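Step one of this worksheet: look at the structure below.
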Amino acid sequence: MLTLQEVTKLYQKDGQTIRAVDQLSWQVPPGALAVVHGKSGSGKSTLLMMIGGMLNPTRGRITFHDRDLYALSRAARNRFRKESVGFVFQRFHLLPYFTIAQNIGLALAMKHVPDGPDRIRRLAAQLDLTDRLNHYPDELSVGQQQRVAVARALVGEPDLVLADEPTGNLDRENAALILDQLRSVAAAGKIVIAATHDDRLLAHATHRLHLTEGRGVAATQLPSSMQS
Amino acid sequence: MFGQIIIRQLAHKWGMNLLLWGTMTAVVALYVFVLNTNRFTIRSMQLIMKNMGLNQFMIPAAADPLDTYWCTDRQIEFPDTTTREIAGHLELLSKYYLSMLQQRISVGDRTLVLTGIEPVARPDETEEKGNPVKPIKRGTARLGNAAAKVLGAKKDGTVTLLGRQFTVAHVIAEQGTLDDYRVYLNLADAQELLGKPGRINVVWSFECLHVGGTLEQIHQYQRDTLARLRPDFRQYNLAAISQGRYHSRTMTEKYQYYLLALVATLTVLIFVITGLQEVADRKYETGVLLAHGAGYAYLMGLYLVKAVFLSAVAAVTGFVLGGAASVYLTTPILVTQTREVTILWTNLPPTLVLICGVAAVAELIPMIKLVRLDPCAILMEE
């Protein structure tokens, strides 16, 4: 279970205090495909970073499976990210000097997982990247790069997947491919949280959080695919 | 993964890394070139200055040095065993001792200086440089240029001195000094000829500068030491030769220190500038690795290991190039007789430690920038 209690994040900019996230409370159970949506600058990415243990909240608590993330030491929080979190970044941030196989395998290499190559090949096949494994990121289209970024986040089988606009640069067919992956991860009992504007993703969300200037309105819904 | 990232990074930015390696190699090569050249230049200058002649003499404290300069009959004589006894005091800075018995003699209406000499080695003296004054075989004479003319003698000819015949082993080129009028003999021959067995009237030597400090401090140390060991003797320095040698040594050493500071500064600048640029260039990688659970120690390790690796490779290549250049360029001009001008491999480990150490320290400045990066700002950047 992921729990946010009265989480606030304040920034100082040009002498002004900006409330990126304001007193947000939210619960996301295992198996959820949760979507955070709202206008640009509403605090979606900031929220994902805080949930991922990358950004200290100014106030409030974030717990994951009853562990208060920001009560952990820095080393323990690094370990939490290594073992439990998979990030998909909006700009992908693939390492340019690694092949696609090496980029996908980054999380496995950091965790010293022994069956890395098999997992990489399997996931690459599911995301239609098999014939690109020995290429470098700059040899791929934007859509392919995004699928690599998703594969890199999922290959370590993390308990928590945080995806920032995971379908933002994809056509319908490729977006469906990603969506299927995220849904199957959630179906396996993991938590998937995606920040998105994409209605296709919103339609399949089990949990939704609408952010307006850092304030959230949460809702639980049956995905449209499950509605009669 | 750690090593793989470093290797891939090196290959990915090969142009920049090649430039960094090349620059560092050039800096190290320059340093090693000057280090080696200085070493052999000091040795060369030592030999040149030594060949100018011995630069100090010792006479009894009661003696007047003017009598020594003018070779008068008032010179005070003392046992020739004194030289060996003084040479045994290793705390004295003198080397290459020479026992001398000098006395004016008349040849027709001309005056020459009969000079018996015998080199005396210190117990720790090596064969490396050798005494600048070579011993004279008994029964032979070495003639100053003017003395040879007065005696009408040539090399391999014979001369008669105080009724005894000697073979002329060598005629010295004109010096423009009193030495042109000297007739050098083996000390024992001179003592017999003058009827003064076992006696000398001056001890010559060469003042060594290894104790360090200013020339005046070196002289003072030598005076004090001699006063303690042999209070009945005094020493006099030939200032021009001492100063020439001192200045040549000081100049090369200071040049070396200056260059060392320059090399250290350049190494710091090169690594700080390229390191800061690299941290900026690799900020996304930093963010991604942090998101995958890497700590700052891991990230800093990536930069430091790479910097130390590049600087180590540059130190070795620079050392070889600089050493080879010093051998190739200076061998034809340096005056070294006993030690070959060669690459000084014993300097490789300290050079390696120096360059890698400076590079690692310099890399700490970009590391400050690295830990101050905001990974969230980088990763959320649109």
Side-chain angles (χ1 to χ4, degrees), chain A residues 9 11 20 40-41 43-50 52-56 73-99 102-103 105-113 116 136 138 149 152-153 155-156 158 162 164-165 168 195, chain B residues 1-21 274-275 277-303 305-307 309-310 367-368 370-382:
Chain A
K9 182 65 188 177
Y11 287 112
S40 292
K44 301 189 294 295
S45 299
T46 302
L47 181 62
L48 291 189
M49 288 292 161
M50 286 194 293
M54 293 279 286
L55 183 64
N56 283 40
S73 66
R74 186 185 287 252
R77 208 156 53 241
N78 288 344
R79 216 163 31 247
F80 159 73
R81 283 199 301 275
K82 187 188 292 185
E83 291 166 0
S84 306
V85 185
F87 282 99
V88 181
F89 303 110
Q90 190 171 1
R91 305 281 290 181
F92 326 137
H93 301 317
L94 303 178
L95 301 185
Y97 48 82
F98 272 175
T99 63
Q102 288 166 328
N103 263 289
L106 183 65
L108 299 176
M110 296 293 283
K111 287 199 276 193
H112 307 292
V113 173
Y136 284 89
D138 60 0
R152 182 177 65 184
V155 74
L162 302 169
D164 201 352
E165 298 287 1
Chain B
M1 175 53 59
F2 186 84
Q4 211 174 9
I5 291 176
I6 292 171
I7 293 166
R8 291 282 176 172
Q9 250 293 333
L10 281 167
H12 181 64
K13 295 275 183 183
W14 65 269
M16 186 65 198
N17 290 323
L18 193 67
L19 196 64
L20 184 60
W21 167 79
T274 55
Q277 184 61 44
E278 193 179 4
V279 168
D281 286 348
R282 294 172 66 178
K283 63 180 181 177
Y284 296 116
E285 174 192 318
T286 299
V288 167
L289 290 174
L290 282 170
H292 280 83
Y296 279 107
Y298 183 94
L299 293 168
M300 286 195 284
L302 291 174
Y303 286 82
V305 169
K306 182 184 158 190
F309 171 75
L310 270 178
M367 292 305 91
I368 294 170
L370 177 76
V371 297
R372 288 171 65 92
L373 283 178
D374 179 358
C376 297
I378 296 165
L379 296 172
M380 293 191 298
E381 207 171 82
E382 292 183 30

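Keep in mind that what you see is a predicted model, and the values were worked out from it rather than measured. Note: hydrogens, waters and symmetry copies are ignored here, and every other heavy atom, side chains too, is used. Just so it is clear: chains get the letters A, B, ... in the order the sequence lines come, proteins before strands, and each one is counted from 1.
In this structure, chain A has no heavy atom under 4.5 Å from any part of Phe2(B). In this structure, chain B has a heavy atom under 4.5 Å from the side chain of Gln102(A), while its backbone stays farther away. With a 4.5 Å cut-off on non-hydrogen atoms, Met54(A) touches chain B through its backbone and its side chain both. Both the backbone and the side chain of Leu55(A) have a heavy atom closer than 4.5 Å to some heavy atom of chain B. Ala294(B) touches chain A through backbone and side chain together, each having a heavy atom under 4.5 Å away. The part of Tyr136(A) that comes within reach of chain B is its side chain, from C-beta onward, which places non-hydrogen atoms under 4.5 angstrom from that chain. With a threshold of 4.5 angstrom between heavy atoms, Pro158(A) does not approach chain B through any atom at all. For Arg74(A), the part lying near chain B is the side chain, with the backbone staying farther off; criterion is any non-hydrogen pair under 4.5 Å.
For Arg282(B), the side chain to side chain donor-acceptor pair (under 3.5 Å) test picks out Glu278(B), Glu285(B), with sequence neighbours left out. Contacts of Tyr97(A) classified as ring pair (Phe, Tyr, Trp, His ring centres under 6.0 Å), with partners at least two apart in sequence or in another chain: His12(B).
Residues Val288(B) and Arg152(A) have side chains in contact (heavy-atom distance under 4.5 Å, counting atoms from C-beta outward). Counting only heavy atoms from C-beta outward, the side chains of Leu106(A) and Leu289(B) approach each other to under 4.5 Å.
Few gaps surround NZ on Lys9(A); more than 12 heavy atoms of other groups in view lie less than 6.0 Å from it.
In this structure, His292(B) NE2 and Lys82(A) NZ are separated by 11.5 Å, a value rounded to the nearest 0.5 Å.
Contact detail for His93(A) and Tyr284(B): the closest heavy-atom pair is CE1-CD2, 3.2 Å.
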